Amino acid sequence: MAKKKIAVIGGGSSGLCTIKCCLDDGLEPTCFERSEDIGGLWRFKVGLTSIYKSVIINTSKEMMCFSDFPIPDEFPNYMHNSKIMEYFRMYADHFDLLKYIRFKTTVVSVTKRPDFSSTGQWDVVTESEGKQESAVFDGVMVCSGHHTNAHLPLDSFPGIEKFKGRYYHSRDYKSPQEFSEKRVIVIGIGNSGGDLAVELSHEADQVFLSTRRGAWVLNRVEEQGYPVDIVLTTRLKAFFKQVLTTSMVNQWAENRLNARFNHAHYGLSQHPTINDDLPNRIISGKVLVKPNIREFTETGAIFEDGTREEDIDAVFFATGYSFSFPFLQDCVKVVENQVSLYKFIFPPHLEKPTLAFIGLVQPLGAIMPIAELQSRLATQVFKGLIRLPTESDMMADITQKKDEMSKRYVKSPRHTIQVDYVEYMDELACLAGVKPNLLSLFLTDPKLAMEVFFGPCTPYQYRLRGPGKWSGARKAILTQRERIIKPLKTRPVGDYTHHTSVPYLFKIVGAVALFCLLLLLAVMIIKATDRHRW
Ligand code: FAD
Ligand code: NAP
């Protein structure tokens, strides 16, 4: 039988792993990338709207790698964007992906063919060097990214039209030099706002960081010097989140974050932002945290608490991004960053499930392994090996997710595609048949089970079994801590660590006992909740 032809739109990190998943599953991918290179927004280029020169990723290498291609031992845990590009190029070379990509080719439209209800096929029109071409595909995987359209809410800022200084979106920021000795306002305290405020404050005379809700500030480096996502993204913690109440979990997290610095004293608190230097810049007065701006004047801004700052030279709107899919026209509707997709991947209303969105999530964690697992699931669906539920069941799942999000997050365009890393990965993995079976692991391979349950939930866990199983997964999990430590060992030092003399067997028995105890606790809590409900 002829291989199914799949159009992959975009050659960023999501597009790359999607091409590979198509190949792994015997599909025939053609990737269309409008620029001349891979890497999507991670490819820094002056003059090109992408990232700023200094961007260091905030997800660590063991948590952000593709699941069957660990990042080399010697690479730093938090990589500069140039290093990230190096990794993506290694991945593309290793799996020989470049030959499937048509660069400088923009997808301009994707429409159902007249016989779509029986074939599920699409007409894909592309444009390259002014010439349009059309081709038929059996499936389409949209990997066009969701951090490309600048969200510039000028309507919310009266007086901006009379402001005589310059204003920009954070997307247009490249480096701080031209703001030397200037007075700058940064609006928004997502990761962009935090990064810009810190970097600008080294050159500018004064930086004002305006936020309407504040943020919880996390450091990249956590307990014992491990990356924060390595410490926090574990199955054990995900389990606690399930059995404890939201307020208990929030209390634990807030106490932990406030132990480093009291967020209320620093004018902060709310959505998590990763920034190592922000508290230092605030305590040294180089960054002053301000409330939301009520209005701009010709020379400055008046804030909601009535205070005003004058002689402002520049304003950065670090107000995030919005997404759209202009090439899909009416097929998928996006309203205020809201889109209805089953598991954030599949439009529920199609007669045939031959369209998938990859990487269209905002995780508390890395996007790359999520995009990869989404692609693995989508290729199985395209091949007919996995059937999606009925439209009404998919809609019920979508509505439930939207309700959960609205209960948990403040209503904002940044909170429409929010997912928790472990929970969401496990959900996809269940559907794809690749979720690790902890009980059988504890019985057959306790050493591995311990690391899977208590250690970081690294992407390799989803290659231990099922379709796409990788023989290197076990070793990758058992050596992940070595890869974390390796780039730090650049000078020989004595071993000052205190080794416990608890024999390994005792550790395993202890772990199994703890596991059973937790299980018992969960059952008791669930029973108590049920009783309460009746
Ligand atoms: P992109 O990287 O945006 O790639 C999309 C590609 O599609 C582009 O190459 C584009 O040219 C192409 N394309 C779009 N439309 C078309 C079309 N019509 N035809 C042909 N080609 C098209 N995520 C993390 O996991 N960790 C981080 O630390 C992190 N840091 C970030 C820092 C910044 C400053 C920003 C803005 C985002 C960050 N992200 C981070 C999120 C980021 O979106 C992902 O890391 C990643 O880039 C997503 O890859 P992607 O391939 O889905 O999208
Ligand atoms: P973001 O996370 O969406 O944050 C936008 C900020 O702007 C929020 O503080 C938001 O406040 C505020 N905002 C939006 N509209 C506003 C309005 N009308 N008035 C006042 N404030 C408004 O956007 P981002 O910081 O650009 O981040 C985008 C993505 O890039 C994220 O995934 C982030 O993790 C990533 N990123 C990573 C790095 C890194 O790895 N180093 C650096 C930068 C960005 P509310 O919360 O109140 O809505």
Side-chain angles (χ1 to χ4, degrees), residues 21 24-25 62-63 65-70 229-244 343 363 365-366 369-370 372-381 383 385-387 389 419-484 502-527:
C21 292
D24 286 349
D25 276 328
E62 289 301 313
M63 296 304 300
C65 63
F66 296 119
S67 58
D68 54 358
F69 196 69
D229 50 2
I230 289 287
V231 175
L232 295 183
T233 321
T234 66
R235 287 184 180 280
L236 177 66
K237 293 206 169 71
F239 172 81
F240 278 132
K241 252 199 289 178
Q242 260 170 29
V243 296
L244 300 177
K343 304 293 176 201
I370 292 184
E372 186 195 29
L373 192 49
Q374 289 178 324
S375 306
R376 288 170 68 192
L377 176 63
T379 50
Q380 299 280 313
V381 170
K383 284 183 76 181
L385 299 174
I386 294 173
R387 280 174 69 91
V419 295
D420 286 329
Y421 185 86
V422 180
E423 290 82 347
Y424 181 61
M425 286 290 269
D426 274 358
E427 208 177 329
L428 298 184
C430 273
L431 295 174
V434 299
K435 186 178 167 203
N437 183 336
L438 263 179
L439 198 60
S440 102
L441 268 190
F442 265 114
L443 295 174
T444 56
D445 193 345
K447 187 178 176 189
L448 180 64
M450 296 258 289
E451 189 60 6
V452 168
F453 186 69
F454 294 103
C457 184
T458 43
Y460 325 116
Q461 293 198 6
Y462 301 97
R463 291 277 182 189
L464 287 169
R465 60 185 282 262
K469 179 179 166 173
W470 173 48
S471 59
R474 180 179 189 276
K475 185 170 172 220
I477 293 168
L478 293 177
T479 52
Q480 57 202 13
R481 289 170 196 269
E482 289 163 29
R483 282 190 301 283
I484 295 172
V502 183
Y504 191 67
L505 186 67
F506 284 5
K507 283 189 190 168
I508 291 181
V509 172
V512 173
L514 181 60
F515 184 68
C516 296
L517 198 73
L518 291 173
L519 220 62
L520 195 69
L521 186 70
V523 172
M524 281 165 61
I525 289 175
I526 290 164
K527 276 196 174 157

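Just so you know, these numbers use all the heavy atoms, side chains as well, and skip hydrogens, waters and symmetry mates. All figures in this text were calculated on a predicted structure; none of them were measured in a lab. Index from 1, following the sequence.
Annotation: the span from Asp445 atom CG to Ile477 atom CD1 amounts to 9.5 Å, rounded to 0.5 Å. The structure places CG of Asn437 at 5.5 Å from CZ of Arg465, a figure rounded to the nearest 0.5 Å. The distance from atom OH of Tyr460 to atom CZ of Phe69, rounded to the nearest 0.5 Å, is 11.0 Å. Put simply, CD1 on Ile230 and SG on Cys457 are 10.5 Å apart, with the number rounded to the nearest 0.5 Å. For the atom pair CE of Met425 and CG of Leu373, the computed distance is 5.0 Å after rounding to the nearest 0.5 Å. Rounding to the nearest 0.5 angstrom, the gap separating the CG atom in Leu478 from the CE atom in Met450 is 11.0 Å.
The closest side-chain heavy-atom distance from Arg376 to Pro467 is not below 4.5 Å. Between Pro456 and Gln480, some side-chain heavy-atom pair lies under the 4.5 Å cut-off. The shortest distance between side-chain heavy atoms of Pro363 and Val419 falls below 4.5 Å. Side-chain contact check for Leu448 versus Leu464: some heavy-atom pair is nearer than 4.5 Å. Under the 4.5 Å side-chain criterion, counting only non-hydrogen atoms from C-beta, Phe454 is not in contact with Thr234.
Glu451 pairs with exactly one of Lys475, Arg474, Arg481 by the salt bridge (charged side-chain N to carboxylate O under 4.0 Å, His left out) rule, that one being Arg481.
Here the side chain of Gln461 pairs no donor or acceptor atom with the backbone of Pro436 at under 3.5 angstrom. Between the Glu372 side chain and the Ser67 main chain, a donor and an acceptor come within less than 3.5 Å of each other. A donor-acceptor pair is defined here as one N or O able to donate and one able to accept, closer than 3.5 Å; such a pair exists between the side chain of Tyr424 and the backbone of Lys343. For Thr479 (side chain) and Glu482 (main-chain N/O), no donor-acceptor pair under 3.5 Å exists by modelled atom type. Listed for the Asp420 side chain is no donor-acceptor partner under 3.5 Å among the backbone atoms of Val422.
When all heavy atoms of Tyr462 and Ala429 are compared, the closest pair comes out as CD2-CB, 3.5 Å. The shortest non-hydrogen separation linking Cys65 to Pro459 is O-CG, 3.3 Å. Residue Pro70 comes nearest to Asp68 through the heavy atom pair CD-C, 3.8 Å, listed as atom of the first residue, atom of the second, then distance. Residues Lys435 and Cys430 approach most closely at CD-SG, 3.6 Å, considering heavy atoms. Leu377 and Leu431 make their closest contact through CD1-CB, 3.8 Å (heavy atoms, listed as atom of the first residue, atom of the second, distance).
Remark: Lys469 NZ is loosely packed, at most 12 non-hydrogen atoms of other residues, nucleotides or ligands lying under 6.0 Å away.
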Would you sort out whether Arg463 and Val434 count as a side chain to side chain contact (heavy atoms under 4.5 Å, CB included), showing the intermediate values? CA-CA 7 Å; Arg463 291 277 182 189; Val434 299; over 6 Å; no
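Considering only residues two or more places apart in sequence or on other chains, Asp426 meets the salt bridge (charged side-chain N to carboxylate O under 4.0 Å, His left out) condition with Arg235.
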